[in-house]
Amino acid sequence: TNFSDLHNMPTVLIGVGNNSWTKQLAAGQLRYGFVMNEADHPYAIRDNRNPGKDWVRGDQRSDSFRDYAIVSRLLDPRVEQVIVMLGGVGAHGTEAAGDFVTNPDQIRKLEAFAPSGWAGKNLQVVLSTEVVKGSSGPPRIEAAYFW
């Protein structure tokens with residue numbers, strides 16, 4: 001995918017570590033972002049307006065842990081198109097984000113967090129999923145931001 005592809009049509013970008021466009025378009029500009037965690041976990045999600053607030057994936061060796069994801073929808077002025085970016089701290093988080101954006105029942109849950117007219121606004125949603133014995137549960141909204 002090149003820059004002109006992004007400029008010509010709305011785009012859905014999936015993944016974080018393996019998607020250079022997601023990294024480039026989201027780098028330091030959005031409220032919620034992925035960061036390296038120097039502790040036991042290679043990635044975390046940070047609230048850039050509240051730097052003490054991180055969502056860190058649990059220990060994957062455990063029978064049960066929590067994984068996290070971000071879904072962002074924005075009109076990017078650099079490409080003048082709507083871009084949807086979704087990705088997880090781990091694979092289970094990415095799976096939960098995919099479930100969230102493709103399931104109308106999940107999208108309806110966002111309405112509890114949303115201001116009026118939210119359908120036309122930029123948004124970011126932090127999601128979590130409980131992973132039990134290798135299977136992801138349904139996505140749960142941890143935080144949402146609209147502008």
Side-chain angles (χ1 to χ4, degrees), residues 1-37 41-51 53-60 64-147:
T1 304
N2 60 43
F3 190 72
S4 65
D5 292 333
L6 299 177
H7 184 70
N8 290 329
M9 65 190 79
T11 305
V12 177
L13 300 171
I14 301 172
V16 179
N18 63 349
N19 191 321
S20 62
W21 283 115
T22 299
K23 290 179 195 174
Q24 196 170 1
L25 292 171
Q29 299 177 42
L30 301 176
R31 170 138 188 201
Y32 303 114
F34 292 94
V35 294
M36 294 297 293
N37 183 333
H41 307 284
Y43 295 99
I45 293 173
R46 174 159 294 153
D47 181 341
N48 291 313
R49 289 201 176 167
N50 183 8
K53 178 63 180 167
D54 289 353
W55 290 273
V56 181
R57 179 180 52 193
D59 184 350
Q60 297 177 64
S64 176
F65 66 93
R66 215 164 251 301
D67 199 355
Y68 298 92
I70 301 173
V71 173
S72 302
R73 180 192 69 198
L74 57 127
L75 175 61
D76 191 302
R78 293 169 289 185
V79 295
E80 299 177 329
Q81 291 289 343
V82 172
I83 295 180
V84 175
M85 297 181 286
L86 59 104
V89 174
H92 296 286
T94 301
E95 181 182 348
D99 182 31
F100 181 81
V101 300
T102 59
N103 184 330
D105 292 332
Q106 292 295 331
I107 296 294
R108 276 192 280 284
K109 292 178 183 177
L110 187 57
E111 292 173 356
F113 296 83
S116 63
W118 73 273
K121 295 182 182 286
N122 293 328
L123 67 93
Q124 279 197 292
V125 182
V126 177
L127 302 168
S128 69
T129 183
E130 185 71 24
V131 181
V132 178
K133 296 189 178 192
S135 295
S136 303
R140 185 178 103 193
I141 299 171
E142 295 288 330
Y145 178 66
F146 302 82
W147 72 100

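Counting begins at 1 with the first residue of the sequence.
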Point to revise | ring pair (Phe, Tyr, Trp, His ring centres under 6.0 Å) contacts touching residues 127-147 (sequence neighbours left out) | key: Tyr145-Trp147
Point to revise | pair Asp54-Ile45: side-chain heavy atoms closer than 4.5 Å | key: no
Exercise for review: List for me each residue that meets salt bridge (charged side-chain N to carboxylate O under 4.0 Å, His left out) alongside Arg73, sequence neighbours excluded, and say none if there are none.
Suggested key: none
Check your understanding: Under 4.5 Å between any side-chain heavy atoms of His7 and Gln81, yes or no?
Key -> no
Review point. What salt bridge (charged side-chain N to carboxylate O under 4.0 Å, His left out) pairs are there with at least one residue in residues 97-118, not counting sequence neighbours?
Key: Asp105-Arg108
**Study point:** Heavy-atom pair of closest approach, residues Ala144 and Leu110
**Key:** CB-CD1, 4.1 Å
Check your understanding: How long is the gap from CG on Leu86 to OG on Ser72, to the nearest 0.5 Å?
Key -> 9.0 Å
Study note, to complete from the structure: Minimal heavy-atom distance between Asn122 and Leu75, with the atoms involved, is OD1-N, 2.8 Å
Point to revise | Nearest heavy atoms of Ala143 and Tyr32, plus distance in Å | key: CB-OH, 3.4 Å
Review point. Which pair of heavy atoms, one from Val71 and one from Ala97, lies closest together, and at what distance?
Key: CG2-CB, 3.8 Å
Practice item. Applying side-chain hydrogen bond (donor to acceptor under 3.5 Å, both in side chains), name anything that partners Glu142, two or more places apart in sequence or on another chain. Key: Ser128, Arg140
Point to revise | Residues which pass side-chain hydrogen bond (donor to acceptor under 3.5 Å, both in side chains) with Ser4, listed by chain and number, not counting sequence neighbours | key: Asn2
Exercise for review: Mind listing the closest non-hydrogen atom pair of Pro51 and Arg46 along with its distance?
Suggested key: O-NE, 3.5 Å
Exercise for review: Would you indicate whether the side-chain heavy atoms of Asp5 and Thr11 approach each other to under 4.5 Å?
Suggested key: no
**Study point:** Minimum-distance pair of heavy atoms, taken over all atoms of Thr94 and Ile14
**Key:** CG2-CG2, 4.1 Å
Check your understanding: Partners of Ala96 by side chain to side chain contact (heavy atoms under 4.5 Å, CB included), sequence neighbours excluded?
Key -> Thr129, Pro139
Check your understanding: With Glu95, which residues qualify under side chain to side chain contact (heavy atoms under 4.5 Å, CB included), at least two apart?
Key -> His92, Ser136
Practice item. Keeping to residues at least two apart or across chains, list the ring pair (Phe, Tyr, Trp, His ring centres under 6.0 Å) pairs with something in residues 94-144. Key: none
Exercise for review: Look at the side chain of Asp67 and the backbone N and O of Gly90, then say whether any donor-acceptor pair between them is shorter than 3.5 Å.
Suggested key: yes
Practice item. Take Val84 and Leu13, measure what side-chain contact (heavy atoms from CB on, under 4.5 Å) needs, and give me the verdict at the end. Key: CA-CA 6 Å; Val84 175; Leu13 300 171; over 6 Å; no
**Study point:** The single option from Ile70, Leu74, Asn48 passing side chain to side chain contact (heavy atoms under 4.5 Å, CB included) against Leu30
**Key:** Leu74
Point to revise | Pairwise salt bridge (charged side-chain N to carboxylate O under 4.0 Å, His left out) hits with a residue in residues 115-136, at least two apart | key: Arg66-Glu130
Exercise for review: Report the C-alpha distance between Val131 and Phe65 in whole Å, list the side-chain angles of each, state the deciding distance to 0.1 Å, and finish with yes or no for side-chain contact (heavy atoms from CB on, under 4.5 Å).
Suggested key: CA-CA 5 Å; Val131 181; Phe65 66 93; 3.7 Å; yes
